[in-house]
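Below, each value reflects all heavy atoms present in this structure, side chains not excepted, and no hydrogens, waters or symmetry copies.
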Amino acid sequence: MTAEATTATQQKGARVGVQRFGAFLSGMVMPNIPAFIAWGLITSLFIQTGWLNELFPGGAEIWSQLGGWALTEDGEAPTGLVGPMITYLLPLLIAFQGGKMIYDTRGGVVGAIATMGVIVGAGIPMFIGAMIMGPLAAWVMKKVDSIWDGKIRAGFEMLVNNFSAGILAMILAIAGFFTIAPIITWLTERLGEGVDFLVEAGLLPLASILIEPAKILFLNNAINQGVLTPLGVAQSEEAGKSILFLLEANPGPGLGLLLAFCFFGVGVARASAPGAVIIQFFGGIHEIYFPYVLAKPALILAVIGGGATGVLTNVIFQSGLVAPASPGSIFAILIMTAQGSHLGVILSVILSAAVTFAIAAAILLASRKKDLAAEASGANSFADAVAQTEANKGKKSDALSGLATQASGGLATDTRQITNIVFACDAGMGSSAMGASVLRNKIKKAGIEGVTVKNVSIANLDNTPDLIVTHQDLTDRAKLKSPEAIHVSVENFMNSPRYEEVVARLSNR
């Protein structure tokens, strides 16, 4: 193997490693996003500066009981919902989910108990601590169970299992209280100071140089779930809002990029852009614009410029969200916007879209003649040519589906029975759910029965699927999880010619 090939392999392995790490963090947080949304809504409604107290001050006694901010006649502040939820509920949910991913429900329970020691020992929201302690405790429990696996006398299994888990959880909770809690508290404070420095120095927009390319390469989960969300929640508890929730979720850059393709793109990219705008901006599925950047890498400058503009706008207006907005839909953004921040947030979306559009339009116009010549000469791949022809025709064609099948190679020659199809992405929601819906409708229209199509996260893949569909950047990870399945890579979950190949393959089974 040459030095260049070795370097490329190492880079690819490193990228897959970061993706897997980010996917693991995302797997702990994403299932609990409804809890974050519930906490965000409760916070925006019931805190002293919340919507209800501002609009209906006559109900302050009720709002204060729920928000936990007004002193009672005895001089004590009510507990409320806001504080306990962020201090205990949210970290424990994350810890349980992380433990469950390692060692099922048993790991989740032990992970949650052990994390309680970290929470109490720190006295601040322990999201990073939960992401560490939950999986770690579950892993330790799994190793301890393996010591006496198959050696317990019949009738004593429940006794040993329950007491071993309880005793270990107690020990880990105490250890977390005295060791992990101080370390995570110190780390959280340092990270918070770093963010404060960037804000005060006006350097926070530079974060887009890292975040936007990370999004395109599906590396954003490690940054978002590991750093931005925990710090954002802590800021929101103190100030009622955080700009960190908008660094990655702002739909403006994606909107501006897709609008530029609507006006100045060519071929399939231009034809598919209007539909992608709706899915990205209103549905919040940002992955749909990634292939447009990958097709012309210079466009990364456009989304970086737009992202930095959005961050700068929010810095100037001191605007932010009360909780994470997931998915990154404009509707979710507006619902989670803190009181008094709507002007800044809306402007950040508009200006980031405008800057991205301007830069992307310049890049597309500069290369338009070359792109048109490439389209005319048939320089695109055969599958892309089929997709463009279908886009020009405006409807699907059985003949074109057959041609796509001939170009597919693997699907055309593989004779295995296909009854279970799975779409997989990092979180197992957003983009994979949309792709699964598209293929499910195509299979239904073709009159094919006996085939199931569902979506899962890559972390939850096993060897049960017959065929797995993933984004081309995630296929290597999917193959590691399910090596025996047929794997189909796509560039765009919403508009891929590979779906016609799958339908044709099912029709010919």
| Checking side chain to side chain contact (heavy atoms under 4.5 Å, CB included) for the pair Leu467/Arg505: CA distance, chi angles, key distance, verdict? | CA-CA 11 Å; Leu467 186 146; Arg505 169 72 169 76; 5.9 Å; no

Check whether any side-chain heavy atom of [X] sits under 4.5 Å from a side-chain heavy atom of [Y], and report yes or no.
| X | Y | value |
| --- | --- | --- |
| Pro135 | Met28 | yes |
| Asn32 | Gln97 | yes |
| Val503 | Ile448 | yes |
| Val502 | Leu439 | yes |
| Met336 | Pro324 | no |
| Thr452 | Ile421 | no |
| Lys481 | Asp462 | no |
| Val303 | Tyr289 | yes |

Give me the atom names and distance for the closest heavy-atom approach of [X] to [Y].
| X | Y | answer |
| --- | --- | --- |
| Asn420 | Lys454 | OD1-CE, 4.2 Å |
| Ile243 | Val311 | CD1-O, 3.8 Å |
| Ser242 | Ser236 | CB-N, 4.3 Å |
| Met141 | Ser164 | CE-OG, 4.1 Å |
| Glu248 | Lys215 | O-NZ, 3.1 Å |
| Thr475 | His487 | CG2-CB, 4.3 Å |

Once rounded to the nearest 0.5 Å, what's the spacing between atom [atom1] of [X] and atom [atom2] of [Y]?
| X | Y | atom1 | atom2 | answer |
| --- | --- | --- | --- | --- |
| Met133 | Thr179 | CE | OG1 | 6.5 Å |
| Arg190 | Thr185 | CZ | OG1 | 10.5 Å |
| Thr229 | Leu90 | OG1 | CG | 11.5 Å |
| Ile468 | Ile458 | CD1 | CD1 | 9.0 Å |
| Leu89 | Leu93 | CG | CG | 4.5 Å |
| Phe282 | Ile330 | CZ | CD1 | 8.5 Å |

Residues, nucleotides or ligands: over 12 heavy atoms within 6.0 Å of [X] [atom1]:
| X | atom1 | result |
| --- | --- | --- |
| Trp51 | CH2 | yes |
| Trp186 | CH2 | no |
| Glu484 | CD | no |

| task | Starting from the C-alpha separation in whole Å, work towards a yes-or-no answer on side chain to side chain contact (heavy atoms under 4.5 Å, CB included) for Met126 and Thr115. | result | CA-CA 9 Å; Met126 270 287 99; Thr115 301; 5.6 Å; no

| message | Run the side chain to side chain contact (heavy atoms under 4.5 Å, CB included) test on Asp104 and Lys100 for me, step by step, so that the C-alpha distance in whole Å, both residues' side-chain angles and the decisive distance to 0.1 Å come before the verdict. | response | CA-CA 4 Å; Asp104 205 14; Lys100 186 177 180 181; 4.2 Å; yes

Is the backbone of [Y] close enough, under 3.5 Å, to the side chain of [X] for a donor and an acceptor to pair up by distance?
| X | Y | answer |
| --- | --- | --- |
| Asn455 | Phe423 | no |
| Ser208 | Ala308 | yes |
| Thr356 | Ala302 | yes |
| Ser348 | Val345 | yes |
| Asp149 | Asp145 | no |
| Trp39 | Val82 | yes |

| request: Tell me, with the steps shown, if Ile102 and Phe24 meet side chain to side chain contact (heavy atoms under 4.5 Å, CB included). | output: CA-CA 10 Å; Ile102 298 295; Phe24 185 78; 3.9 Å; yes

| said: Run Asp466 and Thr419 through side chain to side chain donor-acceptor pair (under 3.5 Å) and show every step you take. | reply: CA-CA 7 Å; Asp466 303 311; Thr419 58; 3.0 Å; yes

| query | Distance only, no hydrogens: is a donor on one side chain within 3.5 Å (strictly under) of an acceptor on the other, for Asn314 and Ser319? | reply | yes

| task | Could you tell me whether the side chains of Asn460 and Ser457 share a donor-acceptor contact shorter than 3.5 Å? | result | yes

| query | So, are Lys442 and Glu500 salt-bridged, with charged N and O less than 4.0 Å apart? | reply | yes

| Would you say the ring centroid of Phe127 lies under 6.0 angstrom from that of Tyr88? | no

